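Written out below as structure tokens is the structure these notes cover.
Bear in mind the structure is a predicted one, so any value in this text is a computation, not a measurement. Below, each value reflects all heavy atoms present in this structure, side chains not excepted, and no hydrogens, waters or symmetry copies. Both ligands and their constituent atoms are indexed starting at 1 by order of listing.
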Amino acid sequence: MSITVYETYTPEETGALGEKLGRLAKAGDVCSLIGDLGVGKTVFTQGFAKGIGVKEPVSSPTFTIVQVYEDGRVPFYHFDVYRIGDPEEMEEIGCEEYFYGNGVCLIEWADLIEEFLPSERLSVRIEKNLEKGFDYRKITVQRMSQIRKRGFCV
Ligand code: ADP
Ligand code: MG
């Protein structure tokens with residue numbers, strides 16, 4: 001299992017990291033995003049979508065849980081589950097079709113639907129640290145896998 005910590009000081013740098021990871025994403029990959037409101041999840045997502053080759057503007061899906069972008073290298077499924085009332089709603093929208101489908105999924109506020117997340121995924125956590133400046137972000141990227149779940153490594 002690998003953990004990499006990045007530090008950014010501008011929204012552009014966070015977008016560029018998202019783009020770099022988006023470029024590496026393959027069909028079937030899932031990226032879960034965690035972090036407080038206004039920390040930069042959507043900024044990261046916009047870069048990530050760019051890395052997939054999405055040309056359409058990406059914003060947080062306000063009225064739907066998932067927004068589908070078909071104009072990239074592979075389909076891109078952008079979830080924002082902030083307003084989800086009950087995690088069971090994920091089942092109602094058929095999240096497995098997306099998570100185990102032929103596109104790339106990214107889920108903002110993934111911690112709210114933890115139990116539905118595939119165990120094989122890229123987990124990204126974005127945090128502020130005001131001591132390091134208003135625009136500073138610590139971005140922890142962790143490859144999650146079954147192996148970790150079984151406790152073979154920490
Ligand atoms: P979230 O989706 O996590 O609620 P947004 O991506 O919508 O947050 O907003 C993040 C806000 O923080 C934007 O206004 C962005 O310009 C600002 N910001 C400042 N510094 C950074 C940084 N280093 N990385 C990302 N966003 C930053
Ligand atoms: Mg957002």
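Atom OE1 is the N/O/S atom of Glu108 found closest to the Mg ion (ligand 2).
Set against the non-hydrogen atoms of Glu108, the atoms of ligand 1 under 4.0 Å away are 2 (O). Those atoms of ligand 1 with a heavy atom of Thr14 less than 4.0 angstrom away are 22 (C), 23 (N), 24 (N), 25 (C). For ligand 1, the atoms lying closer than 4.0 Å to a non-hydrogen atom of Leu37 are 4 (O).
Residue, atom and distance of the protein heavy atom nearest to atom 18 (N) of ligand 1 are Arg137 NH2, 3.3 Å. Protein heavy atom closest to atom 23 (N) of ligand 1, with residue, atom name and distance, is Asp135 O, 2.7 Å. Atom 16 (O) of ligand 1 has Pro11 CG, 3.4 Å as its closest protein atom, hydrogens excluded (heavy atom only). Counting protein heavy atoms only, atom 7 (O) of ligand 1 is closest to Thr42 CB, 3.7 Å. The protein atom (non-hydrogen) at minimum distance from atom 10 (C) of ligand 1 is Gly38 O, 3.4 Å. The closest protein non-hydrogen atom to atom 8 (O) of ligand 1 is Gly40 N, 3.2 Å.
Side-chain atoms of Thr10 come within 3.5 Å of backbone N or O of Glu13 as a donor-acceptor pair. Judged purely by atom type and a 3.5 angstrom limit, Arg73 uses its side chain to pair as donor or acceptor with the backbone of Ala25.
Closest approach of Leu112 and Val81 over heavy atoms only: CD1-O, 3.6 Å. When every heavy atom of Ala110 is checked against every heavy atom of Leu117, the shortest pair comes out as O-CD1, 3.7 Å. Among all heavy-atom pairs drawn from Ile52 and Gly22, the shortest one is CG1-O, 3.6 Å.
No option in Leu106, Val43, Val58 other than Leu106 meets the side-chain contact (heavy atoms from CB on, under 4.5 Å) test with Phe48. Of the residues Lys128, Glu7, Glu131, Glu127, the one that meets the side chain to side chain donor-acceptor pair (under 3.5 Å) test with Tyr136 is Glu7.
Looking only at side-chain heavy atoms (C-beta outward), Trp109 and Lys41 come within less than 4.5 Å of each other. In this structure, Phe116 and Glu89 have side chains that are not in contact, with every pair of non-hydrogen atoms separated by 4.5 Å or more.
Arg121 and Ser32 share a side-chain donor-acceptor pair at under 3.5 Å.
The Mg ion (ligand 2) has no N, O or S atom of Tyr82 closer than 2.8 Å.
When distances from atom 4 (O) of ligand 1 to the protein are checked, a heavy atom turns up under 4.0 Å.
Taking all heavy atoms of Leu33, Val43, Asp36, Thr45 into account, the minimum distance to atom 6 (O) of ligand 1 is reached by Val43.
Residue Lys41 has at least one N or O atom closer than 3.5 Å to an N or O atom of ligand 1.
Using a 4.0 Å cut-off between heavy atoms, Thr10 contacts ligand 1 through its backbone alone, with no side-chain atom that close.
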